[in-house]
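Contents: one structure, followed by commentary.
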Amino acid sequence: MTDPHGFLKVPRRPVPARPVEERLGDWNEVYAGQARLPLVSEQAGRCMDCGIPFCHSGCPLGNLIPEWNAYAAKDDWWAAAERLHATNNFPEFTGRLCPAPCEDACVLTINADPVTIKNVEQAIADEIWARGYAPPRPPERLSGKTVAVIGSGPAGLAAAQQLTRIGHTVAVYERADRVGGLLRYGIPAFKMEKQHLNRRIEQMRSEGTKFRTGVEVGSDLDAIELTRRHDAVVVAVGARGQRELAVHGRELHGIHQAMDYLTLANRVREGDYVSSPVTAEGKHVVIIGGGDTGSDCLGTALRQGATSVVQLDINPEPGEVRRDSEPWPTYPKVYRISHAHEEGREREGTDPRIFSSATLRLEGDRHGHVRGIRLAEVEPEDRRPRPETEHVISADLVLLALGFYGPERGTGLMKQLALTLDDRGNFARDADFAAETAERARSPERTVRTGTDGVFIAGDAGRGQSLVVWAIAEGRSAAAAADRYLSGSTELPAPVAPSDRPLVA
């Protein structure tokens with residue numbers, strides 16, 4: 001362990017991001033080029049090595065946080081890398097993208113500031129690659145079994161890597177033209193540069209995983225045929241069904257779904273466009289939705305040169321401290337500032353978010369282009385508009401960041417595999433991560449079989465919109481279930497079950 005009194009001697013000091021003015025001038029990560037190791041090693045020494053480390057409970061991956069904190073504090077990066085990779089296939093993703101519920105579950109949070117777990121994780125992850133500690137790990141022998149993974153987001157990639165390393169022959173099918181799912185096209189480069197994703201994909205190729213891009217299973221390739229070709233199928237298509245805004249004026253030009261906007265911006269970074277077909281440059285931008293996707297749109301719009309940016313959140317402004325109804329070690333709803341919010345506040349002089357605000361209608365000009373949004377303040381209890389609070393704000397570009405309702409409905413994949421929905425609107429599955437129903441073409445009449453039938457659901461498709469750590473944990477668990485189905489037993493870890501939920505009050 002580290003110094004048992006380290007948390008008493010050393011105050012919390014997160015790794016500082018680059019100055020706002022500097023990072024708004026490029027698309028590099030907010031921490032790019034920042035010195036980490038001396039500060040991170042010192043901060044890792046604040047870990048108390050608790051007898052019961054509740055940070056484990058805060059993370060669905062079950063990351064061995066006290067262990068790799070101790071190694072990082074002693075600059076033993078090889079041992080830290082081994083401990084980190086023991087539970088997490090892609091720590092360079094989670095160290096950048098996860099909001100770190102583990103920090104809110106840190107025992108120090110009871111009456112002090114938690115360990116900077118996220119900074120330590122990212123530093124270890126980067127050292128893993130800088131020092132060559134992540135060589136490909138191809139299997140020693142092949143099982144003779146084949147697995148198809150549908151979707152190449154974090155859940156699909158984690159399942160594919162686990163199954164490949166255990167000896168199965170794995171092919172990943174991705175409908176987009178590049179591998180990565182939302183890691184590729186949904187996450188802006190200033191949060192995670194794509195070199196980290198590309199590097200992992202090349203590692204997986206070297207291990208034996210095959211990738212098939214530009215193939216939509218259920219449309220370009222019949223899902224029933226896919227089940228015939230492979231001994232098992234893992235469905236990890238995510239929760240890509242985008243919620244809509246049912247108000248007057250939605251048909252106006254200049255209104256776009258947030259994910260469509262982010263995808264185009266990311267395609268510019270990939271070299272597909274010189275400039276985005278939907279840009280915020282010189283426009284008054286309004287983002288409807290207060291979550292992480294809205295924050296990503298905010299940072300993107302600022303870098304594109306928006307005249308102004310406002311983010312609307314129907315929820316009331318959270319307080320600075322935990323409420324009594326959200327005790328430690330749960331993940332509390334408190335006032336948080338993302339890097340994009342920090343950028344907007346520094347540029348505009350105020351928080352770019354407007355809380356307790358509902359969109360009543362979208363107003364346009366005679367050419368049918370959006371020009372404003374009529375808003376009203378809402379009651380915190382039932383979100384009903386307050387009388388005499390209506391007002392209009394300017395808007396040339398409106399981005400809908402209202403979240404996702406679950407996997408896309410009515411697709412060929414869903415029909416051909418006879419996937420059903422649970423009461424949360426996600427693909428139904430049993431306790432072993434298997435689809436409850438699966439359809440095979442055994443005759444011209446096409447019969448339906450129930451049970452696992454070798455089809456497994458992983459990630460947001462079965463859980464609903466969630467964090468990257470949950471996606472990777474689900475991918476690992478789905479791989480364990482598929483391996484057990486194929487081999488009769490498994491040594492692969494299964495960190496979560498379908499019924500598991502985040503640690504909340």
Side-chain angles (χ1 to χ4, degrees), residues 27-30 32 88-98 122 125 129 149-161 170-206 209-217 220 234-242 256-278 292-293 295-297 299-300 303-304 340 399 401 404 407-408 458-461 465-472 474-475:
W27 292 84
N28 299 330
E29 290 180 6
V30 296
N88 189 348
N89 294 72
F90 314 121
E92 66 273 26
F93 302 168
T94 57
R96 287 169 166 81
L97 304 177
C98 182
Q122 183 177 344
W129 290 99
V149 176
I150 307 173
S152 67
L157 291 178
Q161 186 169 67
V170 180
V172 179
Y173 293 84
E174 169 57 53
R175 69 179 179 181
D177 56 342
R178 295 183 179 91
V179 177
L182 292 186
L183 293 172
R184 173 74 63 184
Y185 289 130
I187 302 297
F190 57 81
K191 287 183 71 173
M192 188 181 80
E193 295 175 12
K194 305 313 170 188
Q195 61 176 326
H196 305 293
L197 175 60
N198 296 337
R199 194 166 50 190
R200 276 296 179 185
I201 292 167
E202 289 308 308
Q203 180 201 51
M204 293 178 67
R205 283 197 172 104
S206 298
T209 304
K210 307 297 182 184
F211 293 95
R212 307 280 188 263
T213 57
V215 179
E216 183 168 2
V217 178
D220 302 319
V234 176
V235 178
V237 294
R240 296 294 299 274
Q242 301 177 101
H256 303 271
Q257 284 284 356
M259 200 51 63
D260 298 336
Y261 169 73
L262 291 173
T263 296
L264 290 172
N266 276 306
R267 284 192 174 277
V268 173
R269 310 311 309 162
E270 295 282 359
D272 296 343
Y273 301 107
V274 175
S275 60
S276 176
V278 179
D292 289 341
T293 301
S295 173
D296 292 345
C297 289
T300 300
R303 284 163 176 77
Q304 288 180 340
L399 303 174
F404 303 86
E408 293 170 321
D460 289 1
Q465 184 182 5
S466 191
L467 304 178
V468 63
V469 284
W470 279 95
I472 296 173
E474 287 237 347

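For the numbers below, each heavy atom of this structure counts, side chains included, while hydrogens, waters and symmetry mates do not. Quick caveat: nothing in here was measured; it's all calculated off a predicted structure.
Inter-residue side-chain proximity for N198 and R184 is flagged as met; some heavy-atom pair is nearer than 4.5 Å. The shortest side-chain heavy-atom distance between E174 and F211 does not fall under the 4.5 Å cut-off. Looking only at side-chain heavy atoms (C-beta outward), V469 and F90 stay at 4.5 Å or farther from each other. The side-chain heavy atoms of V179 and M204, taken from C-beta on, include no pair separated by under 4.5 Å. Residues L264 and D260 have side chains not in contact (no heavy-atom distance under 4.5 Å, counting atoms from C-beta outward).
Ion pairing between a basic and an acidic side chain is recognised when a charged N comes within 4.0 Å of a carboxylate O; R205 and E202 show such pairing. Ion pairing between a basic and an acidic side chain is recognised when a charged N comes within 4.0 Å of a carboxylate O; K191 and D292 show no such pairing. At a threshold of 4.0 Å, the pair R96-E193 does not count as salt-bridged, since none of the basic side-chain nitrogens sits closer than that to a carboxylate oxygen. A salt bridge between R267 and D177 is present, with a side-chain N of the basic residue lying under 4.0 Å from a carboxylate O of the acidic one.
Contact record, V172 with A160: CG2-CB, 3.6 Å, taken as the closest heavy-atom pair. Considering every non-hydrogen atom in both A125 and P91, the closest pair reads CB-C, 3.7 Å. Across every non-hydrogen atom of Q465 and A239, the tightest pair is N-CB, 4.0 Å. Shortest non-hydrogen contact noted between T213 and A176 is CB-O, 3.5 Å. Residues A258 and C297 come closest through the heavy atom pair CB-SG, 3.5 Å. Looking at every heavy atom in both residues, P154 comes nearest to A471 through CG-CB, 3.7 Å.
Under a cutoff of 6.0 Å and an axis angle of 45°, R200 and F93 do not form a cation-pi pair.
Atom CG of N266 is separated from atom CG of D272 by 10.0 Å, given to the nearest 0.5 angstrom. One finds the CD atom of Q195 at 7.0 Å from the CD atom of E29 (value rounded to the nearest 0.5 Å). Atom OG1 of T293 sits about 13.0 Å away from atom OH of Y261, to the nearest 0.5 Å. Distance OG/S152 to CZ/R212: 13.0 Å, rounded to 0.5 Å. Note: R178 CZ to L183 CG = 14.5 Å, rounded to the nearest 0.5 Å. Interatomic distance, CZ of R269 versus OG of S276, reported as 11.5 Å (0.5 Å rounding).
A donor-acceptor contact shorter than 3.5 Å links the side chain of R303 to the backbone of G299.
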Candidate pair L197 and L157, rule side-chain contact (heavy atoms from CB on, under 4.5 Å), full reasoning: CA-CA 10 Å; L197 175 60; L157 291 178; 4.1 Å; yes
Evaluation steps, side-chain contact (heavy atoms from CB on, under 4.5 Å), between K194 and I187: CA-CA 9 Å; K194 305 313 170 188; I187 302 297; 3.9 Å; yes
Residues H196, W129; criterion side-chain contact (heavy atoms from CB on, under 4.5 Å); working and verdict: CA-CA 9 Å; H196 305 293; W129 290 99; over 6 Å; no
Audit row: T94, N88, side-chain contact (heavy atoms from CB on, under 4.5 Å) steps and yes/no: CA-CA 9 Å; T94 57; N88 189 348; 2.9 Å; yes
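R175 is linked by a salt bridge (Lys or Arg N to Asp or Glu O under 4.0 Å) to E216, E408, counting only residues two or more places apart in sequence or in another chain.
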